[in-house]
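Shown next, in structure tokens, is the structure this report addresses.
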Amino acid sequence: MDSQRVCLDSRRIYILPTGAGMLYAVMLTTMLLGAMNYNNNLGFAATFLLASLGTVSIYHCHRMLAGLRIHYLGAAPVFAGDQARVRFTLLNDSRQSRDEIRFGWDRHQALIAELAPLESRLLTLNLPTDRRGPLRLPAVEVSAYAPLGLVRAWTWLHLDSAALVYPRPAAQGVPLPPDGADRETGTDLRHGEEDFAGLRAFRHGDPPRRIAWKAYARTGELLVREHRGGAVAQMWIDWDQLPAPDIESRVSQMTRLVIDAHRDGRQWGLRLPDQNIRPGRGPEHFHRCLASLAGFRLPADTVIA
Amino acid sequence: MKRPIAAERRTVENATPAQLAWVAIAVLAGGAPHLLRVAPWISALLFATFSWRILAAVRNKRLPSLWLRVPLTFFAFAGVVASYRSVSGVEAGSALLLVMAAMKALETRSTRDRILLTLIGYFLLFAAFLREQALWSPLWLAAGTIAVTAALTQTARCGHLVAPLASLRLATRLLLQAAPLALILFVLFPRIPGPFWSLPKPGAATSGLSDEMEPGDITAISLSDEVAFRVRFSGEPPQASALYWRGPVLDRFDGRRWRAGTRPTRASATTGASGPVIDYEIVLEPHGQHWLLALETPAQWSMPRAWLTGQQQLIAADPTTERMSYRARSAIGATRADSLDVGSGSRAVQLPAGRNPRTLAFASRLREQADSDRDYLEQVLQHFRTEAFWYTPSPPALGAESVDEFLFETRQGFCEHYASAFATLARAAGIPARVVLGYQGAERNPLSDYWIVRQANAHAWTEVWLDSRWQRIDPTAVVAPERIDLGIERALAGTARFEDRLWRSSPALHRLALSWDAVNAAWDRWVLAFGPETQLELLLALGFEVPRPVQLAALAGSATALCLWLLAFALRPRAPAGDPAAVLYAELSRRLAAVVRPRAAAESPSRYASSIASARPDLADAVCAITGLYLRLRYEAPGDAQLRRQLAVMISRFRPSDAPAPG
């Protein structure tokens, strides 16, 4: 297992000839036989020069990878069915350029990075997801064919990391539970929708429909309407109150509800059989709820030991 | 310009015009030496298909369908067979390669196709040396290899191409790094003499001697300065008049033409030669024939697959198709105990009935007057000497009775005419006689202590069976003694080719020509004729005892291994030498890591220092001082030698203890 920061060591780099390399070897053998048959010394010279050239290219190819630094930057959570975007930095801190480093989950769909001396590049690998829960990252293949394409140097990066995959949200259709079904957290203080109380500066996570667009047009500043009083728009997204038949569709529906509540700027709490998340709102709360749903009663084979 | 994007997707499998242009460069760079030599339609086809393919890529046209390509390929291959009447051999082989490349161009799309074409470029480069090996060939090898390799570096790329100059630079660097290993392999790779299979060689390798002679047919002898072979004597070189290099022996005569015997027999014994011996090394130009040249009379030779015939002719099992070198030892003026066996003896007196009647009549008249065979031959030579015979390189043509016409009408001829007439006269008197072709004389190159034998030195003389042994008699020497003593150049001053005359017109020019030949000779000897002999000589010169094959293999193996290790060392991955200040500071962090904690990757030096200071107040002063100095050296006065020394001293004195000191 590799840590988040890896410097490729010479010993872990494998090298084998490519198809072109095999053809090159066949060509050299033919040349050698020809030179021996005709006792042709310049033929020998050409054969040996090309053989040495091939040999030198092995060292160069190895050098493309040896000492390359790779930093794993993480993967932002996505909903199942979307592509997880796994980000890396490739860092070349040597004085030689690294040509066409192929970087990807497999050889045929790799990104190609050209690294000049002392240059680093950000690479994002897309990883398809299909179910919720932590998705262990597959091994990353790092390979190089330069300079002649006769040999291929490669290594595998085994990252001990996982991308978090949120449940796939259910299609629209399940109505939100009514507000105020539970008012245990009091009646004051909360930013309800009844009385207009004034404007305040926009904070990340405020629902767009509460932005005071007229004020924005006037001042050029993003302001949000605040209301005071009345009942707090607060709801519980409750495991037990959903009608779905199995765990997955219920999780899916709850995810939909969380997304909708967050979109509408409401306050919500999450009630699962084994945990409760107190009502709240904002992106942090939103992601916390989704993470709980992602990890809720996972089938045994997807749990990372 | 760098591309702004971090990475790019692999391109679809369709070649861009630039990629195709590089492939064309590879094929043309490798194929250039062939393009002027092959049938013109092949060159035209190659140019046409490559131009068309590149144009198709520029205009985004579709490639021709299989229905067009298959018949076209078929016709092209049929064309090669029609033009060369063969599909093997260097000529037809390179023509086939070019046609293959031309046809492949029409369907080239993928990287694989392009790599294949580029490798064909390498192979064409190689095949060019089977045609010609000149002094400039290594330059061509280097230039061609760089061009094809540059094309290969571009072809191997799947993204955008690099600048042409950058790829040429890379190819040159690779070539220079490959050169030492290539040289080791070249020198130490065991050379196995002899071809495994014989393929037709390109023509024109049969210049020089032939194995038959027909005086009167050729009305001018070659006076070309072309080199036949070069000789290096290990001891004192013999007299010019002893330099008879024996080649084919002709003993069958049909009245006009002399030919060699059908099946050469091996000499019964190779011993018996006596007289002063001389050792020499010959670098023979390829003549496409089986015979080897050697001084009269060869006693030992280094060629493993060569033997001496019953006629004392040195024959190799394989024709000489490349320059090669061999050493030989000859007994000069040997009196060789010979025997005249029945077969060759009867052949040596055979004369066609009814041909050259005047000669026969003249011979019988002369023989009656003579006391002995020896006296008779002496009188024949006397006849050449006293009568009005001329030595000329361009005599008139002769008819069917060539000996009659020469002896009694034209009386002008060169060595072949005299040898033919003399041998006929000897046979007419019942004395066994034969004609020997070879070279006479040599020119010493004073600059490099070797001797040059040119085609102009080609000569014909006779051998007669007298006193129970074959004895050389050179009738030409009687008519034109200067031909033998001075060499043909001076004997024929004024009749040579213009360019040869030019080089001899002044001593300075002649010296220049000889210097040039010395360069060529060194090239021939050390590169073109480099073989088991030269390899051995080089190893001996380097101080090795005569190595056994196992030792040679071990030497080659260890030298190769050493070279590979050096390459690995020279090309080892290296991190850049950092800022010296940073190197020193890294030492501080390493020492602190052992006693407190290592510096986190994102932690700034000053924050690290204050954190250490609060954890270990006893180290605070030293750590803060070092950190301050480091920051000054790094950001305020980079490269300040005094500050750097100060920092080095402070860090070397900084030895933090494991636990805080009490008090």
Side-chain angles (χ1 to χ4, degrees), chain A residues 5 10 19-20 23-24 27 30-31 33-57 59-60 62-63 65-67 93-96 99-100 102-103 108-114 116-119 121-124 145-150, chain B residues 2-3 6-10 111-112 115-116 119 122-123 125-127 129-130 133 137-138 141 145 149 152-153 155-159 170 174-175 177-182 185-186 189 191-197 199 321-322 324 527-531 564 567-568 571-576 601:
Chain A
R5 289 162 173 255
S10 293
L23 194 62
Y24 191 78
M27 180 191 80
T30 316
M31 283 184 181
L33 287 177
M36 285 165 87
N37 188 57
Y38 287 114
N39 237 332
N40 185 305
N41 272 316
L42 273 172
F44 276 118
T47 309
F48 296 145
L49 188 65
L50 292 181
S52 308
L53 198 68
T55 311
V56 167
S57 90
Y59 290 103
H60 279 268
H62 179 261
R63 222 155 68 123
L65 294 189
D93 63 358
S94 74
R95 262 173 293 186
Q96 108 242 351
D99 303 332
E100 298 207 324
R102 293 177 196 216
F103 193 85
H108 305 291
Q109 291 195 333
L111 295 177
I112 294 160
E114 187 88 19
L118 302 174
E119 191 184 24
R121 296 229 153 176
L122 184 75
L123 297 185
T124 306
Y145 290 74
L148 297 184
L150 302 179
Chain B
K2 292 229 171 64
R3 293 211 158 183
E8 54 199 289
R9 290 268 169 203
R10 191 177 173 153
T111 312
R112 253 224 326 260
I115 285 179
L116 183 71
L119 293 189
Y122 277 132
F123 205 89
L125 194 67
F126 162 81
F129 299 125
L130 299 183
Q133 304 182 79
S137 291
L141 172 63
T145 309
T149 306
L152 188 58
T153 61
T155 304
R157 295 182 65 88
C158 51
L170 172 63
L174 290 174
L175 188 81
Q177 288 165 353
L181 181 59
L185 288 173
F186 182 83
F189 186 82
R191 301 301 160 85
I192 301 155
F196 314 127
W197 69 90
L199 290 173
T321 54
E322 296 293 338
M324 62 166 187
V527 180
L528 297 187
F530 189 85
L564 288 178
L567 263 179
L571 296 178
R572 73 193 182 281
R574 264 175 297 187

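Convention: sequence-line order gives letters A, B, ...; per-chain numbering from 1. We use all heavy atoms of the structure for the numbers below, so side chains are in, but hydrogens, waters and symmetry mates are not. Quick caveat, the model's predicted, so the values are computed rather than measured.
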Under a 4.5 Å heavy-atom cut-off, does chain A meet the side chain of B/T155, its backbone, both or neither?
neither
Give the minimum heavy-atom separation between B/A182 and A/S52, together with the two atoms involved.
N-OG, 3.1 Å
Rounded to the nearest 0.5 Å, what separation is found between the CD1 atom of B/I115 and the CG atom of A/L150?
7.5 Å
Measure distances from B/L564 to the heavy atoms of chain A and classify the residue's part below 4.5 Å as side chain, backbone, both or neither.
both
Distance from B/M324 atom CE to A/N41 atom CG, nearest 0.5 Å?
13.0 Å
Relative to chain B, which segment of A/A146 carries a heavy atom at a distance below 4.5 Å: side chain, backbone, both, or neither?
neither
If I compare all heavy atoms of B/Y122 with all of A/M31, which pair ends up nearest, and what's the gap?
O-CE, 3.6 Å
Measure A/L49 against the heavy atoms of chain B and call it side chain, backbone, both or neither at under 4.5 Å.
both
Can you tell me which portion of B/T145 sits under 4.5 Å from chain A's heavy atoms? Options are side chain, backbone, both or neither.
side chain
Return the minimal non-hydrogen interatomic distance between A/A35 and B/F126, and the atom names on each side.
N-CZ, 3.9 Å
When rounded to the nearest 0.5 angstrom, what is the spacing between CG in B/L174 and CG in A/L148?
5.5 Å
To the nearest 0.5 Å, what is the distance between CG on B/L185 and CZ on A/F44?
11.0 Å
Any idea which heavy atoms bring A/R102 and B/C158 closest together, and the distance?
NH2-SG, 3.2 Å
Where do B/L119 and A/M27 come nearest, in terms of heavy atoms and distance?
O-SD, 3.4 Å
If I take atom CG from residue A/D99 and atom CZ from residue B/R157, how far apart are they, to the nearest 0.5 angstrom?
5.5 Å
Check whether B/L175 gets within reach of chain A through its side chain, its backbone, both or neither, counting any heavy atom under 4.5 Å.
both
Residues at least two apart in sequence or cross-chain that pass side-chain hydrogen bond (donor to acceptor under 3.5 Å, both in side chains) with A/H60, listed by chain then number, are B/Q177
Tell me, please, which residues at least two apart from A/Y24 pass side-chain hydrogen bond (donor to acceptor under 3.5 Å, both in side chains).
none
